[in-house]
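Let me begin by presenting the structure, written as structure tokens, before commenting on it.
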Amino acid sequence: MMIPQQALTVAIDTAKAAGAFLKQHFHDDKHVDEASQHDIKLELDKMSQALITERLLAAFPDHAILGEEGKEGDPSSDYEWIVDPIDGTVNYYYGIPLYCVSIALRFKGDLIVGVIYDPNLDECWYAEKGGPAYLNGKVQHVSRRTKMSEAIVFIGHGKTDGSKEKGLRRFAHVSGQVRKVRIIGTAALALAYIASARFDAYVESMVSIWDLAAGKLIVECAGGRVDFEPFTEGGEQGSIIAWNNAIPIVESLGD
């Protein structure tokens, strides 16, 4: 494992800068670049990613960047930053203050740095591979709950290729077993909440790598487990089960 010097510091500073930019424009009228029935792309998505890209490449000009809004940098680099400039874009567009910035770094495909920043609550989760997970400087650990009846679980679903139907079946099957089911509209924050013992599990049948890369590392460093099963070429989309490694969520899904 090779973690570039200052990579975590740069990632934290960059996530906070992008978060401050998003918070500054949160109440503005927002320009929609692209809209579908189930999703929205904002001009601010691109502006946030441009800010992040500029900062990361200024510090590490030989690195690659894979973002929700496109690729930049040196595609042959062993170091690749994975960026979601606004995770929770629909929330952001509708004025719901549940969104964040997610930045991860992987080396030869192995996640080594992860940062998630919620600008509304000024909460910053971060981790380096092999170390603990932190929230604003305090070490985090996943919940120690073992019973489904005590758990709070995020059950999401995709919109196409059967993922919607599978997600709804899982929701119906699990909702009667747990204390509460929550859908907050941001995968990255769901993972951060598992790391901080706020949620016990997150299950979704269609999610993108930029939504989960930072959170996967943070959850694992906090003692949890994340199973991501890619099903697209390049591994950019797949299904996810993340949990505190204690509740029997896998056995409870009814798949």
pair H63-P4: side-chain heavy atoms closer than 4.5 Å: yes

Exercise for review: For residues F228 and S239, determine if any side-chain heavy atom of one lies less than 4.5 Å from a side-chain heavy atom of the other.
Suggested key: no

L217 and A127 have their tightest heavy-atom pair at CD2-O, 3.8 Å

Scan side-chain atoms only and decide if Y92 and D45 contain a donor-acceptor pair under the 3.5 Å cut-off. no

One should read off an interatomic distance between D13 CG and Q6 CD, to the nearest 0.5 angstrom, of 9.5 Å

Closest heavy-atom pair, D122 versus N136, reported as atoms and distance to 0.1 Å, is O-ND2, 3.0 Å

Item to check | N244 side chain to R145 backbone, donor-acceptor under 3.5 Å | outcome: yes

So do I65 and V83 actually touch side chain to side chain, heavy atoms under 4.5 Å? yes

Any heavy-atom pair between the side chains of L191 and I240 that's under 4.5 Å?
yes

- Message: Surrounding CD of E236 (heavy atoms of other residues, nucleotides or ligands, distance under 6.0 Å), is the total greater than 12?
- Response: yes

One should read off an interatomic distance between I3 CD1 and D110 CG, to the nearest 0.5 angstrom, of 9.0 Å

Any side-chain heavy-atom pair of W125 and V219 under 4.5 Å = no

OH (Y193) and CG (L189) are apart, to the nearest 0.5 Å, by 5.0 Å

Taken to the nearest 0.5 Å, the spacing of D200 CG from S143 OG works out to 3.5 Å

Short side-chain donor-acceptor distance under 3.5 Å, S196 and Q140
yes

**Side-chain (N91) to main-chain (I184) donor-acceptor, under 3.5 angstrom** = yes

Nearest heavy-atom contact between D84 and I86 is OD1-O, 3.0 Å

In short, A104 meets A214 closest at the heavy-atom pair CB-N, 3.6 Å

### Message
Are more than 12 heavy atoms, taken from residues, nucleotides or ligands other than E251, located less than 6.0 Å from that residue's CD atom?
### Response
yes

Inset, instruction - Indicate yes or no for a side-chain donor-acceptor contact from S48 to the backbone of L44 under 3.5 Å, with no hydrogens or angles considered. - result: no

Worksheet entry | Donor-acceptor pair, side chain of E204 and main chain of A187, under 3.5 angstrom | no

ask   = Should V115 and I194 be regarded as members of a common hydrophobic cluster, given that ILVMFWY residues are connected when their side-chain heavy atoms come within less than 4.5 Å of each other, either directly or indirectly?
value = yes

Item to complete: Give a yes or no on whether W210 and Y117 share a hydrophobic cluster (residues Ile, Leu, Val, Met, Phe, Trp, Tyr; joining criterion: side-chain heavy atoms under 4.5 Å apart).
Response: no

**Prompt:** Run the side-chain contact (heavy atoms from CB on, under 4.5 Å) check on I116 and C124 step by step: do they pass?
**Reply:** CA-CA 6 Å; I116 296 169; C124 186; over 6 Å; no

Check your understanding: With under 30° as parallel and over 60° as perpendicular, where do the rings of F154 and F199 fit, or are they tilted in between?
Key -> perpendicular

**Aromatic ring proximity Y99/F26, centre distance under 6.0 Å** = yes

- Query: Does any N or O in the side chain of Y126 come within less than 3.5 Å of the main-chain N or O of G137, such that one atom is a donor and the other an acceptor?
  - Reply: yes

Exercise. Assess whether salt bridge (Lys or Arg N to Asp or Glu O under 4.0 Å) is satisfied between E123 and R198, documenting all intermediate values.
Key: CA-CA 14 Å; E123 291 189 324; R198 298 173 184 177; 2.9 Å; yes

Check your understanding: Do the side-chain N and O atoms of D87 and S102 include a donor-acceptor pair separated by under 3.5 angstrom?
Key -> no

Test side chain to side chain contact (heavy atoms under 4.5 Å, CB included), reference W81, set L57, T53, I103, output is I103

Shortest non-hydrogen pair, A190 vs Y202, comes out as CB-CG, 4.2 Å

Is a donor on one side and an acceptor on the other found under 3.5 Å between the side chain of S77 and the backbone of D62? yes

Note, R106 side chain near I209 side chain (heavy atom, < 4.5 Å)
yes

E220/V226 under side-chain contact (heavy atoms from CB on, under 4.5 Å): CA gap, chis, key distance, verdict:
CA-CA 7 Å; E220 290 171 345; V226 180; 4.1 Å; yes

task = Treating Ile, Leu, Val, Met, Phe, Trp and Tyr as nodes and any side-chain heavy-atom pair under 4.5 angstrom as an edge, say whether L121 and L135 lie in one connected cluster.
result = no

Do the non-hydrogen side-chain atoms of I241 and I249 ever get within less than 4.5 Å of each other?
yes

- Query: Can you find a heavy atom in the side chain of N245 that is under 4.5 Å from one in the side chain of W243?
  - Reply: yes

Here the gap from K108 atom NZ to E80 atom CD, rounded to the nearest 0.5 Å, amounts to 14.0 Å

Please check: side-chain N/O of S208 versus main-chain N/O of D211, any donor-acceptor pairing under 3.5 Å? no

**Message:** With salt bridge (Lys or Arg N to Asp or Glu O under 4.0 Å) as the criterion, how do E150 and R179 come out once you've worked through the C-alpha distance, each side chain's angles and the decisive distance to 0.1 Å?
**Reply:** CA-CA 5 Å; E150 297 176 350; R179 177 154 288 157; 5.5 Å; no

Rounded to the nearest 0.5 angstrom, the CD-CG distance for E128 and L8 is 4.5 Å

In terms of heavy-atom contacts, P97 and N120 come closest through O-ND2, 3.8 Å

